[in-house]
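All chains are named by letter (A, B, ...) in the order of the sequence lines, taking the proteins before the strands, and each is independently numbered beginning at 1.
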Amino acid sequence: MLNKLSRYVIVLLIVVVSALYLPDFFSVLFDKKIDTPRIDYSAVINEFVYHNYHGMGQIDYGDIAGNTYSEREYFQLLPFSYYATLEKWQQLPEEIEGFELSSKSIRKNSQFFRIQTKDINPPSVPIYILFEAESDYAQLRVPDDVFRLDNKIEFIDPVTNSVIEEKSERFQQAMLDAGFQFPADIVAGNPTNRKPFDEGYFITDANDDIFQLKMIKGEPECIKTGIDPGLDIRQIFVSENLRKEFYGWILTEDNKVYLIMYDGYKLKEVPTRGKDDKYAYDADEMTFRFYTYPVNRHIRISGDGFTKMIVVSNDFEYIDEHVETWTPYDKRTASIVKQFLFPFELSTYTPEKYIRLQMDYYWPRNLAGIGLSLLALVLFSRRRPWLDYVIVLLTGVFGLIGVLLVRHED
Amino acid sequence: MLKAILYKEWIKLRWGLLVIAGLTVLSLAYSIGMINYYIEFQGAFSNWMYVIGKSLLLKNIVFVKILPLITGLAFALLQFVPEMAGNRMRLSYHLPISEKRLLLSSVGIGFMFLLAEILFLFFGLWLVVSINYPAEVVQKALMSTLPWFLGGSAIYFLISFIILEPSWTYRIIYGIVAYGLTDLYFRASTYDQYQTLWAFILIVAVMPLTVMYSGHRFRRGIK
């Protein structure tokens with residue numbers, strides 16, 4: 001009895017290993033890259049344009065109306081992306097929609113951010129640094145302490161690895177005075193000194209109210225932003241930019257994106273779905289990109305098999321949208337064959353950079369592989385314990401490998 | 001009977017235990033040295049930034065990652081190679097105890113010793129990282145070591161089972177399986193990436209059962 005159990009444990013371990021590696025090897029051997037078009041919006045002709053790499057340095061340029069362009073023509077359609085090259089060619093247009101074009105003016109009036117799945121609650125150590133926001137120096141100076149923020153705020157001196165009591169109390173008191181209810185929940189900042197200035201941290205408290213915490217001349221400044229606590233925030237991102245239009249952006253649990261504006265912390269919703277609901281943004285599976293250009297703003301949502309682009313005016317008035325699609329991964333030949341062959345696949349990598357054992361079960365395509373495996377077992381290897389058949393029924397080719405390799409011993 | 005087996009395994013393992021304990025102390029000393037070196041040359045604040053943002057600590061405690069593997073491998077070899085050399089295992093099968101209980105107790109006792117070494121390493125590391133780093137870093141560093149310890153345990157059980165297997169063909173197949181399974185525990189590149197460990201624990205937990213099949217095949221005289 002125990003010997004049988006022992007054998008099945010070995011078979012199951014073989015199933016685990018095969019399910020982890022075989023489908024992966026299969027993909028490595030047979031997956032083909034497919035050409036995916038990159039779409040963009042030309043403010044010159046007010047039309048969506050694209051370029052498409054075909055490998056070997058071959059690139060098509062065109063617009064969705066069906067015109068094709070040479071590389072030079074294409075660059076001229078997108079002066080806000082290719083201004084540096086255009087300036088070198090001396091082909092940068094004088095103005096578009098009343099906006100005077102120069103490298104400098106474009107750079108000053110453009111801003112870009114993206115939200116990738118791996119940016120949302122990634123594995124991290126909850127220790128933060130707070131810059132001096134009104135520094136006497138030209139650049140931001142790296143501070144010499146760090147802080148933790150949960151049931152209270154505590155500054156820690158790395159040299160002695162101990163709490164700096166006096167500073168901690170001052171900040172704690174400032175936060176309490178602003179109406180902050182400990183413990184803190186989301187703590188969002190931009191901990192780099194490669195930025196023009198510092199806006200500190202956006203922090204949600206126990207009541208889901210959002211506060212901004214900064215350090216000015218060594219003193220704490222904590223402001224209750226008044227942002228709606230009922231937003232169901234998933235993550236806050238902070239990014240200081242000289243345009244000083246928004247402090248950062250908020251991603252909510254229902255996949256909405258809001259900018260936190262400098263104008264009294266008002267929120268501005270960025271469209272995440274457009275007119276067509278089909279390719280609406282889903283933060284767990286897609287990348288969200290937001291471009292601000294001098295004359296308009298682009299939202300680009302990209303996922304497996306599609307890119308959706310929405311164009312709005314500077315005041316967020318809807319202008320146009322376009323979806324470009326191609327064959328998604330699980331509709332490609334290699335992937336379909338894989339799903340017929342293997343009953344399921346085990347993998348450990350998640351888009352959020354955590355490691356957990358997860359199973360993709362290829363129902364009902366996997367019936368083919370399971371059927372073949374069972375047939376092979378019945379035809380070529382008879383007189384087995386019934387449990388062998390059950391294993392193959394459940395785990396297809398993986399189980400077949402297992403029960404054939406590890407012989408049944410009476 | 002169990003006491004006698006315990007004594008026998010102790011005889012086989014005692015030098016190994018001592019050597020591994022020595023290596024543990026050396027590894028921890030290495031970690032202290034590396035941590036102090038980096039703090040000295042980077043400065044405490046920058047070092048903290050590297051430790052928090054770039055997982056530098058994982059590099060400085062690299063032996064904590066390797067040592068459980070070495071320990072698992074060494075204990076399995078020390079315990080079961082002498083038994084398999086010259087088919088000495090046959091003598092054990094004449095003892096008034098079933099082969100299954102015998103094998104399971106041997107593996108269980110070996111694992112207890114392995115666990116002792118792991119705990120020694122774990123608490124040593126706790127001490128080492130607490131000196132220079134705040135509680136948050138300590139917690140993340142310690143959580144990062146759990147999969148490594150599971151990986152060391154996996155190697156112990158799997159190598160034991162491979163040594164006990166009498167046929168070389170099977171040993172090679174099992175070797176590939178063991179490699180694939182152990183790799184599961186060493187996939188992290190930053191702190192505390194294994195958020196749900198239960199599936200990984202379960203896989204290790206069933207591994208001791210595998211030795212019985214090998215023992216059974218040995219008894220049947222399969223070559």
Side-chain angles (χ1 to χ4, degrees), chain A residues 1-22 121-129 142-148 150 154 156-163 191-192 346 348-350 352-359 401-402 405-410, chain B residues 39 43-49 51-53 55 98 100 104 130-137 139-141 147 158 161 170 173-174 176-181 183-184 187-200 202-203 206-217 220 222:
Chain A
M1 180 58 209
L2 274 172
N3 293 328
K4 278 189 190 142
L5 175 69
S6 179
R7 173 173 173 261
Y8 284 116
V9 168
I10 300 169
V11 170
L12 284 180
L13 291 178
I14 293 177
V15 168
V16 170
V17 171
S18 330
L20 273 166
Y21 294 91
L22 293 184
N121 304 322
S124 63
V125 183
I127 293 277
Y128 316 95
I129 53 172
V142 177
D144 44 21
D145 53 19
V146 301
F147 72 94
R148 65 164 64 103
D150 36 54
E154 277 185 328
I156 313 162
D157 179 6
V159 177
T160 58
N161 191 17
S162 58
V163 176
T192 170
L346 287 176
T348 54
Y349 295 102
T350 60
E352 315 91 62
K353 297 181 87 177
Y354 288 108
I355 293 172
R356 75 175 78 88
L357 205 58
Q358 52 204 349
M359 186 165 91
I401 296 171
L405 281 181
V406 186
R407 219 176 336 158
H408 166 69
E409 305 278 354
D410 297 312
Chain B
I39 288 181
F45 178 84
S46 309
N47 176 257
W48 278 32
M49 288 299 103
V51 164
I52 291 163
S55 317
S98 83
K100 286 161 201 138
L104 283 180
S130 304
I131 302 171
N132 291 302
Y133 298 113
E136 287 81 358
V137 173
Q139 189 224 339
K140 292 286 172 183
L158 293 168
F161 141 72
Y170 272 58
I173 295 167
Y174 293 162
I176 297 167
V177 176
Y179 176 82
L181 286 171
D183 176 68
L184 266 183
R187 293 189 164 183
S189 56
T190 172
Y191 305 109
D192 197 15
Q193 269 175 288
Y194 287 79
Q195 292 277 306
T196 35
L197 268 176
W198 65 266
F200 296 96
L202 188 72
I203 293 174
V206 297
M207 284 179 185
L209 295 171
T210 56
V211 293
M212 290 183 297
Y213 180 72
S214 295
H216 180 64
R217 281 166 53 83
R220 290 179 41 128
I222 288 162

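When heavy atoms are compared at a cutoff of 4.5 Å, Ile173(B) approaches chain A solely by way of its side chain, counted from C-beta outward. Heavy atoms closer than 4.5 Å to chain B are found in the side chain of Tyr21(A), but not in its backbone. Looking at Ser46(B), neither its backbone nor its side chain comes within 4.5 Å of chain A, counting heavy atoms on both sides. Heavy-atom distances place both the backbone and the side chain of Ala135(B) under 4.5 Å from chain A. Contact annotation for Asp144(A): only backbone heavy atoms (N, CA, C, O) come within less than 4.5 Å of a heavy atom of chain B. Heavy-atom distances place the backbone of Ser124(A), and not its side chain, under 4.5 Å from chain B. For Tyr191(B), the parts lying near chain A are the backbone and the side chain together; criterion is any non-hydrogen pair under 4.5 Å. Proximity to chain B is absent for every atom of Val163(A), based on heavy atoms less than 4.5 angstrom apart. Residue contact with chain B, scored on non-hydrogen atoms closer than 4.5 Å, involves the side chain of Leu5(A) exclusively. Residue Pro122(A): no heavy atom, backbone or side chain, is found under 4.5 Å from chain B. Proximity to chain B is limited to the side chain of Ile129(A), based on heavy atoms less than 4.5 angstrom apart. Neither the backbone nor the side chain of Ile39(B) comes within contact range of chain A; no heavy atoms are under 4.5 Å apart. Interface remark: Tyr8(A) contributes no atoms to any contact with chain B (heavy atom separation under 4.5 Å). For Leu13(A), the parts lying under 4.5 angstrom from a heavy atom of chain B are both the backbone and the side chain.
Side-chain atoms of Asn161(A) come within 3.5 Å of backbone atoms of Ser130(B) as a donor-acceptor pair (strictly under, hydrogens ignored). Side chain of Gln195(B) to backbone of Arg356(A): no donor-acceptor contact under 3.5 angstrom is found.
Annotation for Trp48(B) and Val146(A): closest pair CZ3-CG2, 3.5 Å, computed over non-hydrogen atoms. Residue Asn3(A) comes nearest to Tyr213(B) through the heavy atom pair O-CD1, 4.1 Å, listed as atom of the first residue, atom of the second, then distance. Counting all heavy atoms, side chain and backbone alike, Tyr170(B) lies closest to Leu405(A) at OH-O, 3.0 Å.
Counting heavy-atom pairs under 4.5 Å between each of Thr348(A), Ile156(A), Thr160(A), Val16(A) and chain B puts Thr348(A) at the top. Of the listed residues Gln139(B), Glu136(B), Met212(B), the one with more heavy-atom pairs under 4.5 angstrom with chain A than any other is Glu136(B). Interface summary for chain A: among Lys140(B), Lys100(B), Arg187(B), the most heavy-atom pairs under 4.5 angstrom belong to Arg187(B). If you tally non-hydrogen atom pairs under 4.5 Å between each of Ile355(A), Val159(A), Asp157(A) and chain B, the highest count goes to Ile355(A). The choice from Met49(B), His216(B), Met207(B) that makes the most heavy-atom pairs within less than 4.5 Å of chain A is His216(B). For the options Thr190(B), Leu184(B), Asn47(B), heavy-atom pairs under 4.5 Å to chain A are most numerous at Leu184(B).
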Kindly indicate, with the supporting measurements, whether the criterion side chain to side chain contact (heavy atoms under 4.5 Å, CB included) is fulfilled by Tyr174(B) and Ile10(A).
-> CA-CA 9 Å; Tyr174(B) 293 162; Ile10(A) 300 169; 3.7 Å; yes
Is there a side chain to side chain contact (heavy atoms under 4.5 Å, CB included) between Tyr133(B) and Ile127(A) once you walk through the steps?
-> CA-CA 11 Å; Tyr133(B) 298 113; Ile127(A) 293 277; over 6 Å; no
CA sep, side-chain torsions, deciding dist, call: Tyr349(A), Gln193(B), side chain to side chain contact (heavy atoms under 4.5 Å, CB included) = CA-CA 10 Å; Tyr349(A) 295 102; Gln193(B) 269 175 288; over 6 Å; no
Leu357(A) and Ile203(B): CA distance, side-chain angles, deciding distance, side chain to side chain contact (heavy atoms under 4.5 Å, CB included) verdict = CA-CA 11 Å; Leu357(A) 205 58; Ile203(B) 293 174; 3.9 Å; yes
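In this structure, Ile176(B) CD1 and Ile14(A) CD1 are separated by 10.0 Å, a value rounded to the nearest 0.5 Å.
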